[in-house]
J.: 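The structure under discussion is supplied below as structure tokens; questions concerning it will follow.
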Amino acid sequence: DIVYENMKRITIDDIKELWSLWTVSFNGIYENRESSIHTLLCTGNGRIGIRGTIPELEPGDSQGIFLGGFYDKLTRPLQNPDLWSPFLKYWSYRELALDRQIETCLVKCPDFLDMKWKIDGEEVNFNRGRLISLRRELDMKTGTFCAKAHWVSDKGKEIRLVQKRFASMAKTDSVFVSYELELLNCSAVVEITGGISTNTRNTTISGIYRNTCKDTGSGFQRLYDVVEKKSLSENSVEVTVRGSTDKMEAAFATILEIKA
């Protein structure tokens, strides 16, 4: 904690330091910590929650968009209590763990932030080519997530890409995302595809029980069925889904606007 007994003694440097405390930031890629970073950089507004992933970094099942009130049933695999750590043995119920668990949880929703870029036919994918720099940050004062990347493709196309997003407090059913793409060493044809991915799945095994299950299966389970997927216009699409067990319904839409 920072405490000032006399406000008159606060300097410009003090104000800058206080302002910096509102920002959580990460430079580069942390192979063994990416899932935790996605959690720390999450944004939300009480209605929608979004993990701090970016489509250009292939987050896999670490990606997550959650909608308040949209629940369904998830089947947990059988546990092997003999493999529990001392911590789990102390806090867990061995008798209950011997049966398959059915848990009510938030559904990992369709990904309406599914964005794809191509430069002269090459997909922008930070797991390929050469990622010169990547800075991801969450401004907790404004609730804005920002990712700034400098990347070179396998064919030598060099770009700078900036993504910003926030979940609106004024319109709690809305999320706004902006992209800025700059070509640094070439002229090229840029293709942009925006859509809604319905391949999102909940994790069936909690992290602390990851290595203690008898039958892990796939480890993932999609908790909804697609009811309808339709185009609203040439730059917008809508998806309606229904919970696989409890049959709750939710609809998602995305609109893409391009400004040169």
J.: If we ignore hydrogens and angles and just use 3.5 Å, is the side chain of R242 paired with the main-chain N or O of A250 as donor and acceptor?
T.: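 No; judged by distance alone, with no hydrogens or angles, the pair does not exist.
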
J.: Return yes if some donor-acceptor pair links the side-chain N/O of K116 with the main-chain N/O of P55 below 3.5 Å, else return no.
T.: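 Side chain of K116 to backbone of P55: no pair is present.
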
J.: Contact between E182 and L184 at the side-chain level, heavy atoms closer than 4.5 Å - yes or no?
T.: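 Answer yes - side chains close enough.
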
J.: Between K118 and E123, does any NZ, NE, NH1 or NH2 come within less than 4.0 Å of an OD or OE carboxylate oxygen?
T.: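 Between K118 and E123 there is no salt bridge, as every charged N stays at least 4.0 Å from the carboxylate O atoms.
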
J.: Do D114 side-chain atoms and G195 backbone N/O form a donor-acceptor pair below 3.5 Å?
T.: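 It does not hold such a pair.
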
J.: Can you check side-chain contact (heavy atoms from CB on, under 4.5 Å) on I119 and L181, steps first, answer last?
T.: CA-CA 10 Å; I119 311 297; L181 174 67; 3.9 Å; yes

J.: When rounded to the nearest 0.5 angstrom, what is the spacing between CZ in F26 and NE2 in H38?
T.: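 The CZ atom of F26 sits 10.0 Å away from the NE2 atom of H38.
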
J.: Is it the case that atom CE in M140 sees more than 12 heavy atoms from other parts of the structure closer than 6.0 Å?
T.: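 Atom CE in M140 is packed in, count exceeds 12.
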
J.: Establish, for the pair R128 and F126, whether the NZ or CZ atom is under 6.0 angstrom from the six-membered ring centre and no further than 45 degrees off its axis.
T.: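 Verdict for F126: no cation-pi partner in R128.
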
J.: Can a side-chain donor-acceptor contact be found between R51 and T39 if the only test is distance below 3.5 angstrom?
T.: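 Yes.
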
J.: So, E158 versus H150: side-chain donor-acceptor pair below 3.5 Å or not?
T.: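 On atom types as modelled, these side chains qualify, holding a pair under 3.5 Å.
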
J.: With clusters defined by side-chain heavy atoms of hydrophobic residues (ILVMFWY) lying less than 4.5 Å apart, directly or transitively, does V237 cluster with F112?
T.: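 The answer is yes; both residues are in one hydrophobic cluster.
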
J.: Salt-bridged, D120 to K157, with N to O below 4.0 Å?
T.: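 Here D120 pairs with K157 in a salt bridge, since their nearest N and O are under 4.0 Å apart.
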
J.: To the nearest 0.5 Å, what is the distance between CD1 on I65 and SG on C42?
T.: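 Going from CD1 on I65 over to SG on C42, the span is 12.5 Å.
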
J.: Could you check whether any side-chain N or O of S236 sits under 3.5 Å from a backbone N or O of T254, counting only pairs where one atom can act as donor and the other as acceptor?
T.: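 No.
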
J.: Do Y224 and T198 pair up side chain to side chain, a donor and an acceptor below 3.5 Å, judged on atom types alone?
T.: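 Looking only at side-chain atoms, T198 and Y224 do not form any donor-acceptor pair under 3.5 Å.
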
J.: Could you give the distance from SG (C109) to CD1 (I196), rounded to the nearest 0.5 Å?
T.: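 Interatomic distance, C109 SG to I196 CD1, rounded to 0.5 Å: 11.0 Å.
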
J.: With rounding to the nearest 0.5 Å, note down the distance linking CD in E122 to CH2 in W117.
T.: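 E122 atom CD to W117 atom CH2 measures 15.5 Å (nearest 0.5 Å).
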
J.: Assess, by modelled atom type and distance only, whether the side chains of T23 and E137 contain a donor and an acceptor separated by less than 3.5 Å.
T.: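 Result is no, nothing qualifies.
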
J.: Please tell me whether S25 and R135 have a donor and an acceptor in their side chains that are separated by less than 3.5 angstrom.
T.: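 A donor-acceptor contact under 3.5 Å links the two side chains.
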
J.: Please report the C-alpha distance between F166 and F145 in whole Å, then the side-chain angles of each, then the deciding distance to 0.1 Å, and finally whether the ring-ring contact (aromatic ring centres under 6.0 Å, His included) criterion is met.
T.: CA-CA 6 Å; F166 70 94; F145 167 81; over 10 Å; no

